[in-house]
Amino acid sequence: MEPRRARDGGTGAPAPGSLCFKTEGLTKVYGSGHAAVHALRGVDLELPERELVVLLGASGSGKSTLLNILGGLDRPTEGRLFFRGRELTHASDRELTLYRRRHVGFVFQFYNLIASLTARENVALVTEIAEDPMPPEEALELVGLAPRLDHFPSQLSGGEQQRVAIARAIAKRPSVLLCDEPTGALDSATGVRVLQAIQDVNETMGATTLLITHNASVADMANRVITFSDGQVREERINTRRKAASELSW
């Protein structure tokens, strides 16, 4: 089988050990003067391809701001951002739109499914605009929902709805999967099933995966754990022994 061509003209298979993201002095300030909020205060990171990275920290620590900048939803106030060696710091709105469309899948705490559409149809919405999508049925099978293709959101549990949201995110074969509190609205047992789906996607598709959580137990499934506080990276560590999502509990 020939390698799938990357949408920017490459082969689609990053070199082993290469960087997916690099940030240099990344700063984000909302507002000005006495009302200014410093969401990020000089963040320097290097995130290799294919890793599953957990971002820990309290609300307001800067995790979601970083995720939004990495995903092209927001821009830094200062500093530099690189994706696979290409600088995105000063990318135009059109360039960021294409970047998100071609490379980034998002999973949020709330599923944002369309109630009048089935699971298959919710996923198909993304495949209609993607350049090299997988069939909705294949994406749903990857997250364990093959038997629920034609169920509406109201007929699915919270965990199943979140897995539909994951399937929708991965159906365009993203290089990057960004997950903002994907288990925040779920109980422990259901959350573990959702985390297992994310872990499976990371290992099967090789998408660099960043997962925000308040739950320190989730860090055990990551390759890399980054702890944020007051807009800064306070600690970064590598897990020498990763747990399967099924081993987690909280």
Side-chain angles (χ1 to χ4, degrees), residues 1-14 20 49-53 71-72 83-84 97-180 182-183 186 190-211 221-223 242 244-246:
M1 180 181 296
E2 294 185 2
R4 182 167 58 87
R5 307 300 287 181
R7 302 170 182 90
D8 57 4
T11 63
C20 182
E49 295 277 0
R50 305 178 70 91
E51 284 195 352
L52 195 162
V53 181
F83 170 70
R84 292 182 170 173
T97 297
L98 290 174
Y99 163 68
R100 292 192 301 268
R101 180 180 298 174
R102 293 171 175 171
H103 295 289
V104 186
F106 293 97
V107 180
F108 300 103
Q109 179 175 348
F110 301 104
Y111 327 124
N112 300 321
L113 302 179
I114 298 176
S116 60
L117 300 181
T118 64
R120 187 202 312 259
E121 291 166 340
N122 266 283
V123 175
L125 288 175
V126 168
T127 63
E128 290 172 2
I129 64 170
E131 296 182 1
D132 183 26
M134 66 176 69
E137 298 82 1
E138 181 181 340
L140 287 161
E141 184 175 4
L142 277 174
V143 298
L145 287 178
R148 311 287 273 172
L149 294 174
D150 297 312
H151 287 67
F152 292 94
S154 62
Q155 298 172 308
L156 301 172
S157 69
E160 288 172 333
Q161 290 183 61
Q162 187 62 291
R163 282 188 281 157
V164 173
I166 295 169
R168 181 180 57 192
I170 66 173
K172 61 180 178 181
R173 305 183 197 272
S175 311
V176 177
L177 183 64
L178 303 179
C179 308
D180 195 347
T183 62
L186 304 173
T190 305
V192 165
R193 286 194 288 272
V194 167
L195 292 173
Q196 185 66 62
I198 292 171
Q199 192 171 53
D200 290 345
V201 166
N202 169 253
E203 294 174 354
T204 301
M205 297 184 64
T208 304
T209 303
L210 277 72
L211 193 160
M221 67 182 276
N223 297 101
R242 296 174 59 196
S246 58

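One-based numbering along the sequence shown.
Heavy-atom minimum distance, L145 versus E160: CD1-O, 3.5 Å. For the residue pair N122 and I114, the shortest heavy atom distance occurs at OD1-N, 2.8 Å. What you find for A139 and I170 is that their closest heavy atoms are O-CD1, 4.1 Å. For the residue pair A119 and V164, the shortest heavy atom distance occurs at CB-CG2, 3.9 Å. Closest non-hydrogen pair, A169 versus V107, comes out as CB-CG2, 3.8 Å. Scanning all heavy atoms of the two residues, the minimum distance from L113 to P153 falls at CB-CG, 4.0 Å.
The backbone N or O of L156 sits less than 3.5 Å from a side-chain atom of Q161, completing a donor-acceptor pair. Using a distance-only test at 3.5 Å, with no hydrogens or angles considered, a donor-acceptor pair links the side chain of R242 to the main chain of M221. At least one donor-acceptor pair closer than 3.5 Å links the side chain of R100 to the backbone N or O of G72. Put simply, the side chain of R163 gets close to the backbone of V143: a donor and an acceptor are under 3.5 Å apart. A donor-acceptor pair under 3.5 Å is absent between the side-chain atoms of N223 and the main chain of V53, judged by distance alone. One N or O on the side chain of Q199 and one on the backbone of A245 form a donor-acceptor pair closer than 3.5 Å. At distances below 3.5 Å, at least one donor-acceptor pair connects side-chain atoms of T208 with backbone N or O atoms of R50.
Taken to the nearest 0.5 Å, the OG atom of S157 stands 7.0 Å off from the CZ atom of R193.
In this structure, the side chains of Q109 and P182 stay at 4.5 Å or more apart for every pair of heavy atoms. Between F83 and V176, some side-chain heavy-atom pair lies under the 4.5 Å cut-off. Contact check for F152 versus L117: no side-chain heavy atoms found under the 4.5 Å cut-off. The closest side-chain heavy-atom distance from R168 to N112 is below 4.5 Å. Contact annotation: the side chain of S175 never approaches that of V104 to less than 4.5 Å [non-hydrogen atoms, C-beta and beyond]. Considering only heavy atoms from C-beta on, L195 comes within 4.5 Å of L211 through its side chain. Contact check for E131 versus R173: no side-chain heavy atoms found under the 4.5 Å cut-off.
Residues forming a side-chain hydrogen bond (donor to acceptor under 3.5 Å, both in side chains) with T118 (at least two apart in sequence, or on another chain): E121. Not counting sequence neighbours, the partners of D200 by the side-chain hydrogen bond (donor to acceptor under 3.5 Å, both in side chains) test are Q196.
Other residues, nucleotides and ligands contribute more than 12 heavy atoms inside 6.0 Å of the CD atom of E137.
In this structure, F106 and F108 have parallel ring planes: the angle between them is below the 30° cut-off, well short of the 60° mark.
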Next item on the list: Applying side chain to side chain contact (heavy atoms under 4.5 Å, CB included), run through L142 and M134 and close with a yes or a no.
Entry: CA-CA 11 Å; L142 277 174; M134 66 176 69; 4.0 Å; yes
Next item on the list: List the steps, then state whether salt bridge (charged side-chain N to carboxylate O under 4.0 Å, His left out) holds for D132 with K172.
Entry: CA-CA 6 Å; D132 183 26; K172 61 180 178 181; over 6 Å; no
Next item on the list: Give the intermediate values and the outcome of side chain to side chain contact (heavy atoms under 4.5 Å, CB included) for residues R148 and L140.
Entry: CA-CA 8 Å; R148 311 287 273 172; L140 287 161; over 6 Å; no
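None of L210, N202, T209 except one satisfies the side chain to side chain contact (heavy atoms under 4.5 Å, CB included) rule with L177; the exception is T209.
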